[in-house]
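Working notes for the structure below.
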Number of protein chains: 2
Amino acid sequence: MDEKKIKKNEGPCSLIEILKVIGGKWSISIIYVLISGTKRFSEIERSIPNINTRMLAKELKNLADHEIVIRKVYATVPPTVEYNLTTKGKKLEPVINEIYKWGLEYVY
Amino acid sequence: MDEKKIKKNEGPCSLIEILKVIGGKWSISIIYVLISGTKRFSEIERSIPNINTRMLAKELKNLADHEIVIRKVYATVPPTVEYNLTTKGKKLEPVINEIYKWGLEYVY
DNA sequence: CCGTATCCAAAGAGATACTG
DNA sequence: CAGTATCTCTTTGGATACGG
């Protein structure tokens, strides 16, 4: 893979690219929910009180496009769709843990 | 302080509160720039290519309101304003490091 | 059940001109 | 220099309604 070569950006430029992937308003919350394991669409929706169907679908699509979550469809009636984290997605756990730790100390 | 008591929220609810503080589109980039030390308004602006004056001012105000950055004004002509991280702000360094590490491995 | 489509309101973001 | 004011455009949110 040729595009795999690392851009040696200094400064926040590269951070901005990263934040396009995980900086969406609901991304971190969704990933957090999925850390505990596979979830269905409606389970995720219930787990995140203020999200709405449209935004959840949109964010899940974004995360799937970036290979952070995997979407599995089962041909049942009614349909079942499951989401879980990829390896890439699971590696975001330290990020969330650090955010959470900081928040526990400072936000409440 | 009475409101200091810890809300024992499970789930992403508390994450949402945290993200109101540091989840702004430019917050992480600004904090990243300030980790290397005190900066003036225009220095920060130049360090973050796609930000504009209004958004930088707005985010800096938000971060100052949450005591993540300190704003120091010097009565010079033309005026000098310096920003740096508070202790609380400096403690976000692990968060940024984890984001950065993840990005190095997966975004490029 | 799992979404997409639509409409509308509200908030956020961008560009640029202007002031102490 | 360090912002604010203003105007415009995009994104988000909320409420359904509808299809596979």
Side-chain angles (χ1 to χ4, degrees), chain A residues 12-13 15-34 37-66 68-85, chain B residues 12-13 15-34 37-66 68-85:
Chain A
C13 312
L15 268 175
I16 292 170
E17 291 308 309
I18 299 167
L19 294 171
K20 280 180 191 165
V21 182
I22 55 163
K25 179 166 179 184
W26 301 104
S27 312
I28 294 289
S29 299
I30 293 169
I31 295 163
Y32 176 84
V33 169
L34 290 175
T38 301
K39 295 274 180 306
R40 299 180 63 173
F41 187 92
S42 52
E43 290 181 286
I44 303 172
E45 196 168 18
R46 276 193 304 276
S47 301
I48 306 177
N50 292 311
I51 204 168
N52 62 46
T53 312
R54 198 174 61 96
M55 292 312 294
L56 178 56
K58 209 171 169 183
E59 271 298 347
L60 280 170
K61 187 164 168 29
N62 179 54
L63 294 173
D65 288 347
H66 287 97
I68 288 167
V69 306
I70 293 172
R71 180 173 182 271
K72 264 187 233 157
V73 184
Y74 299 93
T76 54
V77 178
T80 301
V81 182
E82 284 182 351
Y83 293 89
N84 54 33
L85 295 177
Chain B
C13 312
L15 268 174
I16 291 170
E17 291 307 308
I18 298 167
L19 293 171
K20 280 180 192 166
V21 182
I22 55 163
K25 180 167 179 184
W26 301 104
S27 312
I28 293 291
S29 299
I30 294 169
I31 295 163
Y32 175 84
V33 169
L34 290 177
T38 301
K39 296 272 181 306
R40 300 179 62 173
F41 187 91
S42 54
E43 290 181 286
I44 303 172
E45 195 167 20
R46 275 193 304 278
S47 302
I48 307 177
N50 292 311
I51 204 170
N52 64 48
T53 314
R54 197 182 67 97
M55 292 313 295
L56 178 55
K58 211 169 166 184
E59 272 298 349
L60 281 170
K61 184 162 171 30
N62 180 53
L63 293 173
D65 287 348
H66 287 97
I68 288 168
V69 306
I70 293 173
R71 180 173 181 270
K72 264 187 236 157
V73 184
Y74 299 93
T76 55
V77 177
T80 302
V81 182
E82 285 183 350
Y83 292 89
N84 54 33
L85 295 177

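Just so we're on the same page: letters track the sequence lines, and every chain starts at 1. The structure presented is a predicted model; accordingly, all values stated were derived computationally and were not measured.
If you take CD of A/Glu45 and C1' of C/dG3, they are 10 Å apart, rounded to a whole angstrom. A/Arg40 places its CZ atom 8 Å from the P atom of C/dC1, with the value rounded to the nearest Å.
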Can you give one letter per nucleotide of nucleotides 6-20 of chain C, going 5' to 3': B for a protein heavy atom under 4.0 Å from the base, S for sugar-phosphate only, - for none? B------BBB----B

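The side-chain contact (heavy atoms from CB on, under 4.5 Å) check on B/Lys20 picks up B/Ile16, B/Glu17, with sequence neighbours excluded. Remark: B/Asn50 engages no residue in a side chain to side chain donor-acceptor pair (under 3.5 Å) (not counting sequence neighbours). When the side chain to side chain donor-acceptor pair (under 3.5 Å) test is applied to A/Asn52, no partner is found at least two apart in sequence or on another chain. For the side chain to side chain donor-acceptor pair (under 3.5 Å) test, no residue two or more places apart in sequence or in another chain qualifies with A/Glu43. Residues passing the side-chain contact (heavy atoms from CB on, under 4.5 Å) test with B/Val73 are B/Arg71, B/Val81, sequence neighbours excluded. In terms of the side chain to side chain donor-acceptor pair (under 3.5 Å) criterion, B/Ser42 has no residue partners (sequence neighbours excluded). Residues satisfying the salt bridge (Lys or Arg N to Asp or Glu O under 4.0 Å) criterion with B/Lys61, sequence neighbours excluded, are B/Asp65.
For the helix from C/dC1-D/dG20 to C/dG20-D/dC1, the rotation axes defined at the first and last 5 base pairs enclose an angle of 50°, given to the nearest 10°.
Backbone-only engagement by A/Tyr83 is indicated by non-hydrogen atom pairs under 4.0 Å involving sugar-phosphate atoms exclusively.
At least one side-chain heavy atom of A/Phe41 sits under 4.5 Å from a side-chain heavy atom of A/Leu60. Contact of the B/Leu19 side chain with the A/Ser29 side chain is registered, since non-hydrogen atoms from C-beta on lie closer than 4.5 Å.
Heavy-atom contacts of chain A under 4.0 Å fall on DNA chain D between two terminal nucleotides, which in 5' to 3' order are D/dT12 to D/dG20.
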Identify all side-chain donor-acceptor contacts of residues 21-28 of chain A below 3.5 Å with residues at least two apart in sequence or on another chain.
unit_1, atom_1, unit_2, atom_2, d
A/Ser27, OG, A/Gly24, N, 3.3
A/Ser27, OG, A/Gly24, O, 3.3
A/Ser27, OG, A/Glu59, OE1, 3.1

